[in-house]
Visitor: 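Handing you this structure, nothing more for now.
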Amino acid sequence: GNGEISYVSTNGLVDGGKHNFNNYTIVPNFYVGGIIGTNNGAININYSFNNGTVKGVGTLNTNYNANTNTAKTFTGGIIGEVNNITESSNSLVYLTNNGLIDANDFQGKNNNLIAHQYVGGIFGSVKGYGFKLNEGSSVKNGRFENTGNVKGSYINTHTKLFAAGI
């Protein structure tokens with residue numbers, strides 16, 4: 001998504017589910033957030049809160065094939081993955097997560113198909129440029145708070161977990 005999101009609060013459950021892909025070939029890039037999964041253009045998210053549980057996309061087994069050698073899941077309390085297309089394209093201010101953020105166990109299959117799970121209290125992952133913090137005396141990015149738990153599990157040697165509080 002892109003655009004302006006302000007004064008949003010989520011309460012309840014956002015659940016990417018645990019799936020059996022029945023040996024189908026999938027495009028394994030999954031984005032789940034309490035407010036938004038990811039952005040594909042400039043985004044402004046301000047004064048927004050997640051008070052519920054957010055679960056990423058998980059698997060029940062390794063019955064899947066992929067068009068790549070790395071399956072990726074991005075799970076965040078506010079946004080699954082922030083794409084900073086330019087150094088000043090996004091503005092993210094006063095974001096709070098109070099809920100449980102769970103990577104939800106996407107299983108890596110073998111040495112030719114590994115899984116990377118990115119999970120965080122505010123962002124699952126940040127891609128592209130670093131955040132521009134101020135524009136003059138105005139805060140452009142910052143004031144993030146996570147009071148919730150961030151959960152991930154050791155699954156197998158073909159699965160990597162990248163977790164952070166923010």
Side-chain angles (χ1 to χ4, degrees), residues 1-10 13-17 26-58 66 68-106 108 114-155 158-166:
N2 58 41
E4 178 92 22
I5 299 171
S6 295
Y7 299 97
V8 173
S9 175
T10 56
L13 175 64
V14 176
D15 190 351
I26 61 172
V27 179
N29 290 309
F30 301 102
Y31 306 88
V32 179
I35 305 291
I36 186 171
T38 189
N39 65 302
N40 60 358
I43 192 161
N44 297 322
I45 306 176
N46 303 295
Y47 301 98
S48 294
F49 304 85
N50 173 53
N51 297 308
T53 297
V54 178
K55 292 184 175 186
V57 174
T68 182
N69 61 358
T70 306
K72 296 179 182 178
T73 66
F74 303 89
T75 309
I78 301 297
I79 184 168
E81 183 178 62
V82 177
N83 186 3
N84 286 326
I85 298 162
T86 68
E87 75 181 47
S88 62
S89 61
N90 299 324
S91 178
L92 307 164
V93 181
Y94 293 108
L95 304 179
T96 302
N97 173 62
N98 298 310
L100 169 66
I101 312 305
D102 184 351
N104 211 16
D105 302 338
F106 196 101
I114 61 173
H116 289 179
Q117 300 177 100
Y118 300 87
V119 60
I122 301 294
F123 319 110
S125 176
V126 177
K127 174 182 172 181
Y129 289 88
F131 288 112
K132 182 177 182 182
L133 299 178
N134 295 323
E135 209 161 64
S137 62
S138 299
V139 175
K140 181 142 173 87
N141 288 286
R143 310 238 172 136
F144 308 133
E145 180 181 11
N146 176 44
T147 64
N149 290 326
V150 175
K151 179 182 174 194
S153 303
Y154 173 79
I155 300 170
H158 310 298
T159 305
K160 297 182 190 280
L161 175 68
F162 304 89
I166 295 292

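Values reported hereafter were calculated over all heavy atoms of this structure, with side chains retained and with hydrogens, waters and symmetry mates removed.
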Visitor: By side-chain hydrogen bond (donor to acceptor under 3.5 Å, both in side chains), which residues pair with N39, not counting sequence neighbours?
Guide: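 side-chain hydrogen bond (donor to acceptor under 3.5 Å, both in side chains) check on N39 returns nothing, list empty.
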Visitor: Can you name the residues that form a side-chain hydrogen bond (donor to acceptor under 3.5 Å, both in side chains) with N29, not counting sequence neighbours?
Guide: none
Visitor: Got a sec, which residues hit salt bridge (charged side-chain N to carboxylate O under 4.0 Å, His left out) with K72, two or more places apart in sequence or on another chain?
Guide: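 For K72 there are no salt bridge (charged side-chain N to carboxylate O under 4.0 Å, His left out) partners, ignoring immediate neighbours.
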Visitor: My understanding is that only residues two or more places apart in sequence, or in another chain, count here; which of them pass ring pair (Phe, Tyr, Trp, His ring centres under 6.0 Å) with F30?
Guide: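 So F30 forms a ring pair (Phe, Tyr, Trp, His ring centres under 6.0 Å) with F106.
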Visitor: For S91, which residues count as a side chain to side chain contact (heavy atoms under 4.5 Å, CB included) partner, sequence neighbours excluded?
Guide: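 Partners of S91 under the side chain to side chain contact (heavy atoms under 4.5 Å, CB included) test: N44, N46, V93, K140.
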Visitor: Can you name the residues that form a side chain to side chain contact (heavy atoms under 4.5 Å, CB included) with S138, not counting sequence neighbours?
Guide: none
Visitor: Suppose we screen for side-chain hydrogen bond (donor to acceptor under 3.5 Å, both in side chains). Which residues come up paired with T159, at least two apart in sequence or across chains?
Guide: N156
Visitor: Identify, with sequence neighbours excluded, every residue that meets ring pair (Phe, Tyr, Trp, His ring centres under 6.0 Å) alongside F162.
Guide: H116, Y118
Visitor: Can you name the residues that form a ring pair (Phe, Tyr, Trp, His ring centres under 6.0 Å) with Y154, not counting sequence neighbours?
Guide: none
Visitor: Output a table of donor-acceptor pairs, distance under 3.5 Å, between side-chain atoms of residues 50-57 and any protein atom two or more places apart or on a different chain; print 'none' if there are none.
Guide:
residue, atom, partner, partner atom, Å
N50, OD1, T10, OG1, 2.7
N50, OD1, G52, N, 3.2
N50, ND2, G52, O, 3.1
N50, ND2, N97, OD1, 2.7
N51, OD1, N98, ND2, 2.8
N51, ND2, S9, OG, 3.4
N51, ND2, N11, OD1, 3.1

Visitor: Go through the structure and list residues passing ring pair (Phe, Tyr, Trp, His ring centres under 6.0 Å) with F123, not counting sequence neighbours.
Guide: F131, F144
Visitor: Y94: what forms a side-chain hydrogen bond (donor to acceptor under 3.5 Å, both in side chains) with it, not counting sequence neighbours?
Guide: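 So Y94 forms a side-chain hydrogen bond (donor to acceptor under 3.5 Å, both in side chains) with R143.
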